[in-house]
Amino acid sequence: MARTAKLTFDDRSIDLPIVEGTEGELGLDIGKLRSGAGLITLDPGYGNTGSCTSEITFIDGEKGILRYRGIPIEQLAKHSTFVEVAWLLILGRLPKQAELDDFRERLGRNAPLHEGFKHLFEGFLADAPPMAVLSAMINAIPCFPHTSRDDESPEERAIEDAARLISKVRSIAAYGYRRARGLPYLYPDPKLGYVANFMHLMFSCPYRQHEASPEMVDALNLILLLHADHEQNCSTSTARMVGSSQANIYASCAAAVGALWGPLHGGANVAVLEMLESIHKGGVSAADAIKMAKDGTGGFRLMGFGHRVYKNFDPRARILKAAADKVLAQLGVKDPLLDVARQLEEMALKDSYFVDRKLYPNVDFYSGILMRAMGIPTNMFTVIFAMGRMPGWIAQWKELRDDPKARIARPRQIYTGPNETDYVGIDQRG
């Protein structure tokens with residue numbers, strides 16, 4: 001028997017259906033609340049509002065669980081790759097070998113940018129914000145020709161669209177980096193995989209190809225994989241909301257880039273590096289920083305510790321911590337900021353103040369120090385985040401578009417402005 005909850009307001013009452021997810025999550029379906037009781041809900045920030053049902057990602061913040069399509073993130077990090085995870089998220093299943101090979105071939109074929117793109121890059125100043133460039137260029141992708149077969153099935157079309165966007169974003173990110181530094185643009189190397197090709201496009205010279213170590217390639221692959229989706233966050237909800245108007249995949253994902261650009265969302269790992277720089281330049285010891293964070297001296301906050309969703313150890317952070325230990329040892333990097341980071345990590349994990357409050361280092365803490373060790377500049381961190389999140393945005397956009405019951409998003413509001421007011425002429429306004 002279907003479960004319901006009864007809401008009573010004045011002399012009216014309404015039975016509201018209870019929706020139960022596959023992991024036991026319960027939601028109150030308020031679709032008929034306004035017509036049945038004359039009410040709407042008010043939930044600033046949507047922290048208690050489910051905007052959709054989804055089969056893509058499951059999070060249990062209390063237990064520190066993250067799963068893509070039901071598969072634990074720990075298993076994917078150990079056995080899979082970013083490219084395979086992209087397929088999993090978008091198509092809803094792990095690919096067969098032939099399907100994965102075909103997807104990789106599509107990614108390689110879509111990697112080069114049309115020559116006209118270079119002229120667009122030249123229109124940006126060298127110090128243009130990388131996320132602004134990325135968003136603009138994603139919107140520009142459909143302005144350039146792309147061949148497709150007339151006999152493609154809907155699934156083949158979805159695969160090709162996803163491969164085109166995921167691959168172009170990689171090239172756009174690298175071109176933006178090189179434009180900012182006055183470096184010549186390079187062509188993708190068809191012999192390299194997705195991550196190694198990105199590092200080639202970023203760091204190679206025209207006369208010498210950059211050879212990233214396997215450890216660095218694996219670490220960046222992990223960063224992308226671990227950021228590939230994270231349920232209905234700000235940028236993902238933006239992609240779905242824009243897509244609900246039947247906007248195309250490029251407009252929807254470009255809008256998501258704009259949401260991710262905000263410092264409260266995608267800028268968290270940037271904030272970690274800015275904090276480390278302020279500690280180092282200010283001559284503050286790690287112990288003093290821990291003390292200031294605990295007593296709130298000068299409004300200092302320890303960035304990269306704790307998470308809004310996870311009330312336990314962020315499962316992605318556990319994975320990246322191991323990768324950071326491996327990469328930093330392999331590279332032998334001598335960097336005072338990384339030294340500060342490791343000291344903060346060690347002290348916080350032993351301090352009852354942080355342990356009791358479950359303020360553990362999160363994924364942003366480790367991704368920031370890893371990317372710095374790889375030579376990726378701080379202003380590119382959020383661009384890397386966007387590259388990683390692209391499969392999730394595409395999967396969420398596709399899920400919405402494939403839902404025959406989907407409607408255009410149109411939230412309500414509670415008006416708190418003035419009552420009806422007569423217009424006053426400009427000569428009477430005093």
Side-chain angles (χ1 to χ4, degrees), residues 2-10 12-23 25-59 61 89 131 135 138-139 229-268 307-309 382 385-386 389-390 392-421:
R3 301 167 69 184
T4 62
K6 183 181 291 293
L7 184 146
T8 301
F9 172 65
D10 290 341
R12 289 171 289 182
S13 65
I14 181 174
D15 290 324
L16 300 172
I18 300 294
V19 178
E20 183 170 357
T22 54
E23 291 286 346
E25 293 175 301
L26 298 177
L28 190 65
D29 183 348
I30 60 167
K32 296 183 179 179
L33 180 62
R34 185 164 175 258
S35 61
L39 298 171
I40 66 170
T41 59
L42 180 63
D43 184 18
Y46 307 111
N48 300 289
T49 298
S51 62
C52 63
T53 59
S54 179
E55 300 177 355
I56 299 171
T57 297
F58 172 71
I59 297 173
L89 289 171
M131 288 292 278
S135 181
I138 289 173
N139 264 319
D229 196 56
H230 209 239
E231 205 224 37
Q232 301 307 311
N233 50 75
C234 179
S235 58
T236 298
S237 297
T238 298
R240 290 187 75 117
M241 179 169 282
V242 174
S244 75
S245 73
Q246 298 191 357
N248 65 32
I249 192 172
Y250 306 103
S252 301
C253 290
V257 169
L260 188 68
W261 190 2
L264 295 183
H265 188 8
H307 195 279
R308 180 179 178 182
V309 172
T382 315
F385 192 161
R389 187 54 54 85
M390 196 59 61
W393 291 337
I394 294 170
Q396 299 276 350
W397 175 88
K398 180 178 181 296
E399 183 177 65
L400 176 79
R401 291 293 293 270
D402 291 346
D403 183 358
K405 296 182 292 183
R407 301 169 58 190
I408 185 171
R410 205 301 186 185
R412 304 291 303 183
Q413 68 167 31
I414 302 293
Y415 176 71
T416 58
N419 298 117
E420 183 177 351
T421 305

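For this chain, numbers begin at 1 and follow the sequence in order. Keep in mind it's a predicted model, so treat the numbers as computed, not measured.
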(message) Would Arg3 and Leu26 count as a side-chain contact (heavy atoms from CB on, under 4.5 Å) here? Give the steps.
(response) CA-CA 10 Å; Arg3 301 167 69 184; Leu26 298 177; 3.9 Å; yes

Please check: side-chain N/O of [X] versus main-chain N/O of [Y], any donor-acceptor pairing under 3.5 Å?
{"X": "Asp403", "Y": "Lys405", "value": "yes"}
{"X": "Asp43", "Y": "Asn48", "value": "yes"}
{"X": "Glu399", "Y": "Glu55", "value": "yes"}
{"X": "Thr238", "Y": "Cys234", "value": "yes"}

What heavy-atom pair brings [X] and [Y] nearest, and what distance separates the two atoms?
{"X": "Gly36", "Y": "Arg12", "result": "O-CD, 4.5 Å"}
{"X": "Ala247", "Y": "Ala251", "result": "CB-CB, 4.2 Å"}
{"X": "Leu28", "Y": "Ala5", "result": "CD1-CB, 3.6 Å"}

Using a 3.5 Å cut-off and no angle test, enumerate the donor-acceptor pairs between side-chain atoms of residues 252-268 and protein atoms at least two apart in sequence or in another chain.
residue : atom : partner : partner atom : Å
Ser252  : OG   : Gly243  : N            : 3.4
Ser252  : OG   : Asn248  : O            : 3.0
Ser252  : OG   : Trp397  : NE1          : 3.3
His265  : NE2  : Asn233  : OD1          : 3.4
His265  : NE2  : Ser235  : N            : 3.3
His265  : NE2  : Ser235  : OG           : 2.9

(message) Out of the candidates Leu33, Ile414, Ile30, only one should pair with Ile40 under the side chain to side chain contact (heavy atoms under 4.5 Å, CB included) rule; please name it.
(response) Ile414

Rounded to the nearest 0.5 Å, how far does [atom2] of [Y] lie from [atom1] of [X]?
{"X": "Arg410", "Y": "Met241", "atom1": "CZ", "atom2": "CE", "value": "10.5 Å"}
{"X": "Asn139", "Y": "Tyr250", "atom1": "CG", "atom2": "OH", "value": "11.0 Å"}
{"X": "Glu23", "Y": "Ile59", "atom1": "CD", "atom2": "CD1", "value": "12.0 Å"}
{"X": "Ile56", "Y": "Lys398", "atom1": "CD1", "atom2": "NZ", "value": "9.0 Å"}
{"X": "Gln232", "Y": "Ser54", "atom1": "CD", "atom2": "OG", "value": "5.5 Å"}

Any side-chain heavy-atom pair from [X] and [Y] closer than 4.5 angstrom?
{"X": "Pro17", "Y": "Lys32", "result": "no"}
{"X": "Thr236", "Y": "Arg389", "result": "yes"}
{"X": "Asp29", "Y": "Ile18", "result": "no"}
{"X": "Gln396", "Y": "Trp393", "result": "no"}
{"X": "His230", "Y": "Thr57", "result": "no"}

(message) One pair to check against side-chain contact (heavy atoms from CB on, under 4.5 Å): Leu39 and Ile14. What are the steps and the verdict?
(response) CA-CA 11 Å; Leu39 298 171; Ile14 181 174; over 6 Å; no

(message) I'd like to know whether CD of Glu20 has more than 12 heavy-atom contacts from other residues, nucleotides or ligands below 6.0 angstrom.
(response) yes

(message) Looking at Arg34, I'd like to know if its CZ atom is crowded, meaning that more than 12 non-hydrogen atoms belonging to other residues, nucleotides or ligands lie closer than 6.0 Å.
(response) no

(message) My understanding is that only residues two or more places apart in sequence, or in another chain, count here; which of them pass side-chain contact (heavy atoms from CB on, under 4.5 Å) with Pro418?
(response) Tyr415, Thr421

